[in-house]
**Student:** 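Starting off with a structure, shown below.
The analysis underlying the following values was restricted to heavy atoms, covering all of them including side chains, and did not include hydrogens, waters or symmetry mates. Just so we're on the same page: letters track the sequence lines, and every chain starts at 1.
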Amino acid sequence: MPELPDVEGFREVLDSCGRGRRVRHVDVRDTGVLRGVGVRRLRREVEGRRLGRPHRHGKLLVAPVGDGPALVWHFGMTGELVPASAGDPLDRHDRVVLTLDGERQLRYRDQRKLQGVRLADGPGAVARMLEGLGPDALDIGRGEFLALLAGRRGAVKALLMDQSAIAGLGNLLCDEILWRARVAPGRPARDLGEAEARRMFTAMRRVLATSCRASRVPPRPGWLTGHRDDADPVCPRCGTPLRSRRVSGRRTVWCPACQH
DNA sequence: ATACCTCCCTGTGGGC
DNA sequence: TGCCCACAGGGAGGTA
């Protein structure tokens, strides 16, 4: 699930429910989601400290605890951050439960455990975790975006999906952006014309803005995302049957009539 | 630099 | 009904 808009929603959850509150207890219910940190060190570094202002870069969510370390979440395909009360029944996929002041809880819920939680010792460690990522998709300027496209000969969708080039876009967002900009996913990025490249940037901004408001890529009837799982999906713009194939290892859906 | 492959996990839905 | 496989909105690491 989680792409930039989803993680932005988790950041808001963390900010509104967690910021300024002390972590009373860390309950690791499944160590399979801990990355590079064990239960003991996690508890020692986090329990008793207050959550700071959370920060998101791409699909990573960084939550400072106290004045030193930070929790760093990556939600994989199925992760989410769920606000709860201590008395609420646990979900079978609640992997890590933070109990805060006032019986509040933040639960890291994740079915597949493809990614998980890391602990950064301090600001330097946070920076190292982020250093492989490109600029955040919400921050990148048009000039920088156009330069990115011009510098790649591979498929434009592969570029958008590459977190080291631009951080935050996932499979659904990429397909939606390409569909809105009327660009076929397999086109070599550097072959795009000026007008196409500008449409790509505009589409990215609009799709991100709307998706962030919904904290997800909304499966609206007028969006490609609203139809990709239909039995016989057709383009919501022109009615042409949609096509589907793998691009950069992911299912890619596009309209052969409006995307060139 | 880029395209492919496998692997990491769990759950679901379809075909047989 | 049961079994097996492919696939699912994540990424890393290795190979050509």
**Student:** Are the charged groups of A:Asp6 and A:Lys59 less than 4.0 angstrom apart, N to O?
**Tutor:**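 So A:Asp6 does not pair with A:Lys59 through a salt bridge.
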
**Student:** Considering only Ile, Leu, Val, Met, Phe, Trp and Tyr, and joining two whenever side-chain heavy atoms are under 4.5 Å apart, list the other residues clustered with A:Leu90.
**Tutor:**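 Reading the cluster by chain and number, A:Leu90 sits alongside A:Val97.
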
**Student:** Kindly state which residues belonging to residues 144-164 of chain A come within less than 4.0 angstrom of DNA chain B, counting heavy atoms of the residue only, listed by number.
**Tutor:** A:Arg152, A:Arg153, A:Gly154, A:Ala155

**Student:** Which residues in residues 118-128 of chain A have at least one heavy atom lying under 4.0 Å from any atom of DNA chain C?
**Tutor:** none

**Student:** If the threshold is 4.0 Å, N to carboxylate O, is there a salt bridge linking A:Arg41 and A:Glu45?
**Tutor:**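 The answer is no: the pair does not qualify as a salt bridge.
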
**Student:** Can you tell me how far P in B:dC7 sits from the matching atom in C:dC5, rounded to whole Å?
**Tutor:** 14 Å

**Student:** Look at A:Asp191 together with A:Arg153 and state whether they make a salt bridge at an N to O cut-off of under 4.0 Å.
**Tutor:** no

**Student:** So what does the secondary structure string of DNA chain C come out as, 5' to 3', with Watson-Crick or wobble pairs under 3.5 angstrom, [ ] for crossing and | for pairs with another strand?
**Tutor:** .|||||||.|||||||

**Student:** Output the rounded distance in Å from CG (A:Leu61) to C1' (C:dG10).
**Tutor:** 15 Å

**Student:** Do you know the tightest heavy-atom contact between A:Thr210 and A:Pro218?
**Tutor:** CG2-CG, 4.3 Å

**Student:** Nearest 0.5 Å, what's the CZ-CG distance between A:Phe145 and A:Leu160?
**Tutor:** 5.5 Å

**Student:** Measure all distances between protein nitrogen or oxygen atoms and nitrogen or oxygen atoms of nucleotides 8-12 of chain B, and list the pairs falling under 3.5 Å.
**Tutor:**
unit_1	atom_1	unit_2	atom_2	d
B:dC9	O2	A:Arg112	O	3.4
B:dC9	O2	A:Arg112	NE	3.0
B:dC9	N3	A:Arg112	NH2	3.4
B:dT10	OP1	A:Lys113	NZ	3.2
B:dT10	O2	A:Gln111	OE1	3.3
B:dG11	OP1	A:Arg92	NH2	3.1
B:dG11	OP1	A:His93	NE2	3.2
B:dG11	O4'	A:Gln111	OE1	3.0

**Student:** Please go through A:Met129's hydrophobic cluster and name the other residues, only I, L, V, M, F, W, Y counting, with side-chain heavy atoms under 4.5 Å joining them.
**Tutor:**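 A:Met129 clusters with A:Leu60, A:Val62, A:Val72, A:Val126, A:Leu130, A:Leu133.
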
**Student:** Parallel, tilted or perpendicular: which fits the ring planes of A:His57 and A:His55, with parallel below 30° and perpendicular above 60°?
**Tutor:** tilted

**Student:** Taking CG from A:Leu130 and P from C:dG11, how many angstroms apart are they, rounded to a whole number?
**Tutor:**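 It works out to 14 Å between those atoms.
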
**Student:** Base, sugar-phosphate, or nothing for A:Asp110, non-hydrogen atoms under 4.0 angstrom?
**Tutor:**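 Here A:Asp110 touches no strand at all.
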
**Student:** Could you list the residues that satisfy salt bridge (Lys or Arg N to Asp or Glu O under 4.0 Å) with A:Asp94, not counting sequence neighbours?
**Tutor:**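 By the salt bridge (Lys or Arg N to Asp or Glu O under 4.0 Å) rule, A:Asp94 matches A:Arg107, A:Arg109.
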
**Student:** Look at A:Asp15 together with A:Arg53 and state whether they make a salt bridge at an N to O cut-off of under 4.0 Å.
**Tutor:** no

**Student:** Could you work out the separation of C:dA6 and B:dC5 based on their P atoms and round it to a whole Å?
**Tutor:** 14 Å

**Student:** Rounded to whole angstrom, note down the P distance from B:dC4 over to C:dC7.
**Tutor:**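 B:dC4 and C:dC7 have their P atoms separated by 16 Å.
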
**Student:** Within the distance-only criterion (no hydrogens, no angle test), does the side chain of A:Glu47 pair as donor or acceptor with the backbone N or O of A:Val26 below 3.5 angstrom?
**Tutor:** yes

**Student:** Partners of A:Asp229 by side chain to side chain donor-acceptor pair (under 3.5 Å), sequence neighbours excluded?
**Tutor:** A:Arg251

**Student:** Is A:Leu242 isolated, or which residues cluster with it under the ILVMFWY side-chain rule of less than 4.5 Å, directly or via members?
**Tutor:** A:Trp179, A:Leu224, A:Val253

**Student:** Side chain to side chain donor-acceptor pair (under 3.5 Å) with A:Arg35: which residues, sequence neighbours excluded?
**Tutor:** none

**Student:** Between atom CG in A:Leu172 and atom P in C:dC7, what is the gap in whole Å?
**Tutor:**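 After rounding, the gap between these two atoms is 17 Å.
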
**Student:** Does the distance from a Lys or Arg side-chain N to an Asp or Glu carboxylate O, for A:Glu3 and A:Arg216, drop under 4.0 Å?
**Tutor:** no

**Student:** Would you say the side chain of A:Asn171 and the base of C:dG10 hold a donor-acceptor pair, judged only by whether the two atoms sit under 3.5 Å apart?
**Tutor:** no

**Student:** Hey, can you pull the residues of residues 243-260 of chain A with a non-hydrogen atom under 4.0 angstrom from DNA chain C?
**Tutor:** A:Arg246, A:Arg250, A:Arg251

**Student:** Using side chain to side chain donor-acceptor pair (under 3.5 Å) as the criterion, list what pairs up with A:Glu194, not counting sequence neighbours.
**Tutor:** A:Arg198

